[in-house]
Asker: 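My questions all concern the structure below.
Naming: A, B, ... by sequence-line order, numbering from 1 per chain.
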There are 2 protein chains.
Amino acid sequence: MNTEIHNRIAVFRAERGMTRKELAEAVEVNPQTIGYLERGDYKPSLELGMKIAAIFDVPVEMLFSFEPFESVAAALRRSGEN
Amino acid sequence: MNTEIHNRIAVFRAERGMTRKELAEAVEVNPQTIGYLERGDYKPSLELGMKIAAIFDVPVEMLFSFEPFESVAAALRRSGEN
DNA sequence: TATTTTTGTTGTGTTAACACAACAAATCGT
DNA sequence: ACGATTTGTTGTGTTAACACAACAAAAATA
């Protein structure tokens, strides 16, 4: 298995004003682990992926993708917000 | 990480008339691996979970869940199909 | 500015998630 | 019934995904 997985953990975390420590506690992993995931140092288990998605109350596919996510700016532009 | 993950891989596979070998080839894993997942012998990586969901064209949450899935019979009853 | 908090880096250790193989058992097709 | 195919079980091996720790650097706060 060598497909890269892109994630928006940092974006959702920033939006909710959470530190990595808080998110780590919420999903019961080591805070370092959140850092590794955000930096793409390693890829999560399904279990962890689903837990993080549940914390943010979004579908897994909104948080993780095989394709790079478009920038938040582009998404906002497209949504008509600005 | 010790939360059980339930899956409906076998259900979706049966619905599509796929063997484990075919599904394994589609997601590029060993056929045995599909068997392990279906029997709950081990839990998939997010990468593999997402790939399988993509093959079946369903959201990850429809294929995997922390809670036991209701029986297909119950779901069909509830959907009004029978 | 000084202190506290958060994030990044490096290192060590464990083990579950995979691969592969061999064989048995169950199921399917003729 | 028999052969082919699919699934289940067992065993061995590899390594990435985690934990934890220590420390440094960066950022935030007082």
Asker: Using OP1 and OP2 only, check whether a side-chain N or O of A:Asn30 sits under 4.0 Å from D:dC20.
Answerer: yes
Asker: What is the separation between atom NZ on B:Lys43 and atom C1' on C:dA17, rounded to the nearest whole Å?
Answerer: 11 Å
Asker: Calculate the interatomic distance between A:Ile5 atom CD1 and D:dA17 atom C1'; express it in whole Å.
Answerer: 12 Å
Asker: What is the distance, to the nearest angstrom, from the CD atom on A:Glu25 to the C1' atom on D:dA19?
Answerer: 15 Å
Asker: Are A:Ile52 and A:Asn7 side-chain neighbours, meaning at least one heavy-atom pair lies under 4.5 Å?
Answerer: no
Asker: Is A:Tyr36 reachable from A:Met18 through a run of hydrophobic residues whose side-chain heavy atoms are each under 4.5 Å from the next?
Answerer: yes
Asker: Nearest whole Å is fine: how far is C:dA17 C1' from B:Ile34 CD1?
Answerer: 13 Å
Asker: Quick one: what's the B/S/- string for nucleotides 7-12 of chain C, heavy-atom cutoff under 4.0 Å, read 5' to 3'?
Answerer: SBBBB-
Asker: Are there more than 12 heavy atoms of other residues, nucleotides or ligands under 6.0 Å from atom CD of B:Glu28?
Answerer: no
Asker: How many Å lie between CD on B:Glu47 and P on D:dA17, as a whole number?
Answerer: 8 Å
Asker: Distance from A:Arg77 atom CZ to A:Ser71 atom OG, nearest 0.5 Å?
Answerer: 6.0 Å
Asker: Closer than 4.0 Å, any side-chain N/O of A:Ser45 to the OP1 or OP2 of D:dC18?
Answerer: yes
Asker: Going through the distances and angles, do A:Glu22 and A:Arg16 end up as a salt bridge (Lys or Arg N to Asp or Glu O under 4.0 Å)?
Answerer: CA-CA 11 Å; A:Glu22 287 165 340; A:Arg16 286 156 176 74; over 6 Å; no
Asker: Just call it for B:Pro44: base, sugar-phosphate, or nothing, with non-hydrogen atoms closer than 4.0 Å on any strand.
Answerer: sugar-phosphate
Asker: Quick check on ring pair (Phe, Tyr, Trp, His ring centres under 6.0 Å): which of B:Phe64, B:Phe56, B:Phe69 does B:Phe12 satisfy it with?
Answerer: B:Phe56
Asker: For A:Asn2 and D:dA17, give me the distance from atom CG to atom P, rounded to whole Å.
Answerer: 11 Å
Asker: Nearest-Å distance, CE (A:Met1) to C1' (C:dC20)?
Answerer: 16 Å
Asker: For residues 51-65 of chain A, which residues have at least one heavy atom under 4.0 Å from DNA chain C?
Answerer: none
Asker: Does some side-chain heavy atom of B:Leu23 sit less than 4.5 Å from a side-chain heavy atom of B:Ile9?
Answerer: yes
Asker: Let me know, please, whether B:Glu22 or A:Leu48 comes out on the 5' side of the other along DNA chain D by nearest nucleotide.
Answerer: B:Glu22
Asker: If I take atom CG in residue B:Leu46 and atom C1' in nucleotide C:dA17, what distance separates them, rounded to the nearest angstrom?
Answerer: 14 Å
Asker: For A:Asp57, check salt bridge (charged side-chain N to carboxylate O under 4.0 Å, His left out) against everything at least two apart and list the hits.
Answerer: none
Asker: Side-chain contact test, heavy atoms from C-beta onward, threshold under 4.5 Å: evaluate it for A:Thr33 versus A:Leu48 and give yes or no.
Answerer: yes
